[in-house]
Protein chains: 2
Amino acid sequence: MYGGSQKIVSMKKLDHVDKQILQILQEDGRIPYTEIAQQLRVSEGTIRARITQLLQDGVFQFVIHPDPEKLGLHVQAIIGLTTKLGSQKYVAEELSKFSAVRFVGSFSGKHDLILQACFHSNDELITFVNERLSQIEGIVAADVSLELKQYKDSFSFVQDDDVTLQ
Amino acid sequence: MYGGSQKIVSMKKLDHVDKQILQILQEDGRIPYTEIAQQLRVSEGTIRARITQLLQDGVFQFVIHPDPEKLGLHVQAIIGLTTKLGSQKYVAEELSKFSAVRFVGSFSGKHDLILQACFHSNDELITFVNERLSQIEGIVAADVSLELKQYKDSFSFVQDDDVTLQ
DNA sequence: ACATTTTTTACGAATTTCGAAAAAAACATT
DNA sequence: AATGTTTTTTTCGAAATTCGTAAAAAATGT
């Protein structure tokens, strides 16, 4: 599901303009290049060239962020898994196939794999755990945490310059 | 950070066309309306009206999905928190203020709050835990899981019709 | 069956995107 | 420092997309 980060011919480090472009786009992914250009006081051509390059380099993608609630996905969960030694990759790849699953990662700590998924109902969640997870060879234990309330959920982690911690 | 889902005047249920529009947009958030129109064999005006309505209703937003690695955010973590009774909301809101934090939710299960965050380095992560989390009144314990590998990370959970589980 | 409301289509005008050549800037070499 | 080379930015006309809006069509209610 996720391409290994193969190195493209040689990717230059993002400069200030690139970061500014990303910051503007994370507010509104469909703002016209002409407007970004105005805001940053460069030509539309520059914005276009930069964005083309950034996409080329896989720095970002244009997507949409749906609100799960509005889609009827009222139940969200984070599930920590313990896997049998050697089957982690297989399990992760199987999990990734479900459209309900929006995140899968391998972790150090209590759980080998952690996944995040959305469901229409508690029933669907239970079905997922009991019918689907149990079918995947190599899962030893599943630790389900049910989401009660969501406070933040975004891809907006582009920061001007390395001020991640505020 | 996240607006409570206040009810808009009355929101109609999404129909098949809406879902198809969302499915197309989650592949490429910047595909022209004219092309969506062609694919779905309706007029551009319809696509435009539908999308305007969906945005209005808060069903989705146009955003970008940056690759944390390419942004130099090489360290990702999921942190489970135990909070003092009554301070959960405050803690969650404080956490949401950090740009490094991309997800915060309240959960049933082992941890009251679970958050997901990106950092440039292990050092930055440690600083976050030791300097920032410790400053937030009401956090009793933090359980850090370091991401070793990411298999899937997407907002693409729009499904044609309730086939979340495959 | 008819009136009312909602949704879709149609179409010209405004705006944006695109391709590509020229200009400017950045870089390297001597 | 001057010169050649490469990269990036600007420019600008053509093509495509978006936008506003009026008319047509479809859906809804009585």
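Residue numbering restarts at 1 for every chain, and letters A, B, ... go by the order of the sequence lines.
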* Asked: Is B:R102 salt-bridged to B:D153, cutoff N-O under 4.0 Å?
  -> yes
* To do: In plain terms, say whether B:K84 and B:E137 are close enough for a salt bridge, that is, a side-chain N and a carboxylate O under 4.0 Å apart.
  => yes
* To do: Give a yes or no on whether the backbone of A:E69 and the side-chain of A:D67 come within a donor-acceptor separation of less than 3.5 Å.
  => yes
* Is there a donor-acceptor contact under 3.5 Å from the side chain of A:K152 to the main chain of B:S96? -> yes
* Is it possible for you to say whether A:V140 and A:I79 belong to one hydrophobic cluster, with membership spreading through side-chain heavy-atom contacts below 4.5 Å? => no
* Asked: Tell me: CG of B:L55 to C1' of D:dT18, nearest whole Å?
  -> 14 Å
* **Any residue of residues 35-53 of chain B with a heavy atom less than 4.0 Å from an atom of DNA chain D** => B:E44, B:R48
* Do the rings of B:F103 and B:F107 sit parallel, tilted or perpendicular, given the 30° and 60° boundaries? -> tilted
* Does A:T83 offer a backbone N or O that forms a donor-acceptor pair with the side chain of A:D112 under 3.5 Å? -> yes
* B:F98 and B:F128: aromatic ring centres closer than 6.0 Å? -> yes
* Asked: 5' to 3' on DNA chain C, which nucleotides open and close the contacts with chain B (atom under 4.0 Å from a heavy atom)?
  -> C:dT6 to C:dT17
* **Whole-Å gap separating C1' (D:dT18) and CD1 (B:I31)** => 15 Å
